[in-house]
Every structure is written in C-alpha cells, then in structure tokens.
There are 2 protein chains.
Amino acid sequence: MKYSVVIVEDHILLSQALAGLVNGFSKFKILYLCKNGRELLTRLKDPKNIPDVVLMDINMPIMNGIETTIALKEEYPEVNVLALSVEEDEKTILKMLRAGAKGYLLKDTEKSILENALVEVQETGFYHTKDVTNLLLGSLNPKKENKVLLKEREMEFIKHACTEKTYKEIASDMCLSPKTIEGYRDSIFEKLHLKNRTGLVIYAIKNKIFIP
Amino acid sequence: MKYSVVIVEDHILLSQALAGLVNGFSKFKILYLCKNGRELLTRLKDPKNIPDVVLMDINMPIMNGIETTIALKEEYPEVNVLALSVEEDEKTILKMLRAGAKGYLLKDTEKSILENALVEVQETGFYHTKDVTNLLLGSLNPKKENKVLLKEREMEFIKHACTEKTYKEIASDMCLSPKTIEGYRDSIFEKLHLKNRTGLVIYAIKNKIFIP
DNA sequence: TATCAAAGGGGTGTTTGCCCCTTTTTATTA
DNA sequence: TAATAAAAAGGGGCAAACACCCCTTTGATA
C-alpha cells in the first residue's frame, strides 16, 4: 500500500508537474491537488480525503501555508506536513516549523531529494536539510529580542505611514487622536533608531510590514 | 519524430517535474535541462544540443530569461522560445516578447495548456493567451510618454530623498543650493502627482529607482 | 538675439519631530 | 480585594523641516 500525498500549491502547472513526479515514486501516490489552503481544509472534511502527507507551498493567496498548517494540525495532527518554498527567509522558515511542519524543502532541489524527504517524513517523522538544521541551531541562542518590540497597533500605524496621508489623516482613519499617533511615531523612532518618516517607510518595506 | 525541448529554469525541482510532463506529451521529448541562461548558451555550442523549443523561465540568477533570449535569437533564430513565469508585470512581458519569445505562459496554468502552447509555438509560430494579447493591443497605442520626463539629476536627487537626510543635507551632498533641491522636489511632485516625500519614496521603490 | 531650461532665492503656512506632562485602562501581585 | 504598576491614550508648546507660492540670474543654443 502506497502512502497518499496531497499537494497544496497555487501554481497549477507546478502542482501538476509535481504530481507526476510523486506518482513516479514507489512508495507514494497523489490523492488530489489543491490551489490554496482553504480548498484543502474544505476537502479534508470528507474522511476519505485525509492523506498521509501534505506537500505545502508557503506563498499562496487566500490562505497561506503557515495559517493552513496551523489549522490542519489543530484538526488532524497525525497528517505530516512537508513545506515547499522558494522562500529562504529565516523568519518564514521558523514560523512554518513552529506551525508544525515536519520538514522544509527548497524548490531548488533534486527530485531524488524530494522522494527521500517524503520517505523520511513519513517513516521517521521529520526531514531537514543541513541549511535548515543550522538555522534551527542558530535560533536556539537568539541575538536577544530584535523585533518583538513592535505592537499590533504600531504595525497598523506604520502601514498608514507608508502613504501620502498626514498624521492627522492617519489619526482619523485609525479613530485615534493625532497626539496618540504622534506618540506611536515617537516610540517607534526611538525603538528602531529612526530619524524621520522617510526612514520609517524604508524600514517598513525592508521588513515587509508594508509591501509597495 | 518528436520535437526536442530544453527547459531553462533555476528551480531544479520544477525543472525536473516539468520535464516529466513534457516527456508525457505525444509530440515532445526533453533534450536536457539547464539551471540558467549561461548554461544554455554553453551547451548550444554543440550542434547536437540545438532543440526545437526552449521553455524559458524569466527570473533566474546568473543570466535571466530576457538576456538569454536575446543572445539565443542572435545565434540561433530558428529556435522557438516559450516564456514561462509567475511574473505578470506588464513591462517584463513586453520586454520578453520584444526579445523574441514566441509565447508567454504563466506558471498558473493547466498542463494541457502547456502542451497546447508547445504545439502552437512549434507548428504555427506563436502562442498567446487572451491576457497577453490584450496587453499587446494596449501597448500599441501607448499613453504618450509616461516616464521619460525624469532627468538624470532628478533621478539622483530621488535616490538621496529615499534616505533619512534632510533636503539641506542632500543639497550639500549634491553640491547644490537647498533651493535648487526644493526646485527638483517641486517639479517632480508636479510631474508625478505626488503630495509629499513619503509618496516620492514609495514611487521610487515601485519603479526601482531606489532599491531598499 | 530671443528663448528656454537649469539653478538659485524670498516669504509663508503646514507638517513633522521632540520635548515635557496628565488621564484612563489594563494587568499584576501583595 | 485593594494597591500598584505599566501600558495606552491624549495634550501643549516649540523649532526644524517640508511644501508651495512667485520671482531673478545664468548659460547654452538655436
């Protein structure tokens, strides 16, 4: 009996092509394909649709891989998730692993490595490349707290600050007094060592708080 | 006799998966795979390695799809290029088509469409989805000149404006009077319909004048 | 020599950045 | 449970920076 695999990936061509590869592996067969996380969660409601492994892309519209993995683990903790992404961003990888992924694979790998990863995840419970292992080790002794210091409300303000609005307009949009907004700004400037709004905009874009 | 196909794509997994798909098509077979444009150009030096069609990714390290297509068409104009990308950016698509690509396919398509596109490109010489056709039509009667209006000195100023420097500091860096800098700013604001420096920074980043 | 663009300037009102300080809300813990 | 932090929210005032007028000088060039 082969292990069943579901692929969650928004690029249909890649999804179908991967399906071809997986069906060629001796121990695995594709159950079905999904275009995003929501579609997966919907289909899982039918017990016949619960696979052994989910091959999960991270960047997806509608519902991304991290949210989907969290929701999936909540309901079906026995399903193994293998993350698949071009994203090498440290924070993203850690988020995905914390969400419950059992392995993390870059799209830039050999098909034999994919097969090996699937086998490992299914039979030993995890698979990680040297890169990801090193990353994990590095994150154990972290460089103090480096960014948890931004609060939810401040993040929201930053997004507004990345527009042509004045602080007065931002205040009105956020239903706060202009003085409160100035308070947000001042405390952010201090925490991030910024001198002015231009610096804040650049910071926000660099750190993907605001995407132009 | 099947038509030969070469895939140029930096993500090896996708490359191999696509190869599987293409080898499943009745009229096509994979000749070999390349990880980037330079690799393709090197291999083409052997006449045995000249394929009928190249399936070309656009975003690649080392040598991207556009440069590669231009170089390829220079030496081997009879090879058909089918572009393959997630990029829906108008300018990129047009550049690729001007470089000589015979078709443009989004990664977000069905495998049957890939097969159809390959057939069309090989047998009729071109393949375009409705989206790309509309884009082409739109670019025929262009909206006047839309961006040549920025002068060299203004571009330089914009880069400085994307920092925490004040206008006074920018003036001193560019060896100009602060009033001249303000003049640059005012004329740019007017030409680009911007309201303040924040808007300018966002514009500069969107248009790759400044890369954060 | 007329023209046009680049460079520079004066004046003014608004926005921003940065001090200080008070009130309200939300946790924490003695 | 009351006492006490400690946040979040709001405020006054001020100087610097920014945005927006309208105007002059300079220099190339047609």
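In the text below, chain A, chain B and the rest are named by the order of the sequence lines, each starting its count at 1.
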- Mind jotting down which residue pairs meet the side chain to side chain donor-acceptor pair (under 3.5 Å) criterion with at least one end in residues 72-81 of chain A? Sequence neighbours excluded, please. A:N80-A:Q122

- Note on the structure: Residues at least two apart in sequence or cross-chain that pass side chain to side chain donor-acceptor pair (under 3.5 Å) with B:E120, listed by chain then number, are none

- Between which nucleotides of DNA chain C, 5' to 3', does chain A make heavy-atom contacts below 4.0 Å? C:dT15 to C:dC18

- Count the heavy atoms belonging to other residues, nucleotides or ligands that lie under 6.0 Å from CD of B:E123, then report whether that count exceeds 12. yes

- Task: Would you kindly give the NZ-to-C1' distance between B:K195 and D:dC18, to the nearest whole Å?
- Result: 15 Å

- Query: Taking only residues two or more places apart in sequence, or in another chain, which ones meet A:F28 in a ring-ring contact (aromatic ring centres under 6.0 Å, His included)?
  - Reply: A:Y3

- Query: Going by number, which of residues 161-170 of chain B have a non-hydrogen atom under 4.0 Å from DNA chain D?
  - Reply: B:T166, B:Y167, B:K168

- For the pair A:E169 (side chain) and A:T166 (backbone), establish whether a donor and an acceptor sit closer than 3.5 Å, ignoring hydrogens and angles. yes

- Task: Taking only heavy atoms on the protein side, list every residue of residues 172-189 of chain A lying under 4.0 Å from any atom of DNA chain D, sorted numerically.
- Result: A:L176, A:S177, A:K179, A:T180, A:Y184

- Send over the distance from B:L200 CG to D:dA17 C1', rounded to a whole Å. 16 Å

- Reading nucleotides 25-30 of chain D from 5' to 3' and marking B where a protein heavy atom lies under 4.0 Å of the base, S where only the sugar-phosphate is that close, and - otherwise, the string is ------

- Item | ring-ring contact (aromatic ring centres under 6.0 Å, His included) against B:F189, all qualifying residues, sequence neighbours excluded | none

- Could you list all the side chain to side chain donor-acceptor pair (under 3.5 Å) pairs where at least one residue sits in residues 30-39 of chain A, not counting sequence neighbours? none

- Partners passing side-chain contact (heavy atoms from CB on, under 4.5 Å) against B:T92 (at least two apart in sequence or in another chain): B:I58, B:I66, B:E87, B:D89

- Task: Please check if the side chain of A:R197 supplies one atom and the backbone of A:A161 the other of a donor-acceptor pair under 3.5 Å.
- Result: yes

- Message: My understanding is that only residues two or more places apart in sequence, or in another chain, count here; which of them pass side chain to side chain donor-acceptor pair (under 3.5 Å) with A:D173?
- Response: A:K165

- Task: Output all residues satisfying salt bridge (Lys or Arg N to Asp or Glu O under 4.0 Å) with A:K179, sequence neighbours left out; order by chain, then residue number.
- Result: A:E182

- Message: For the backbone of A:S4 and the side chain of A:D52, can you confirm whether one donor and one acceptor N or O come within less than 3.5 Å of each other?
- Response: yes

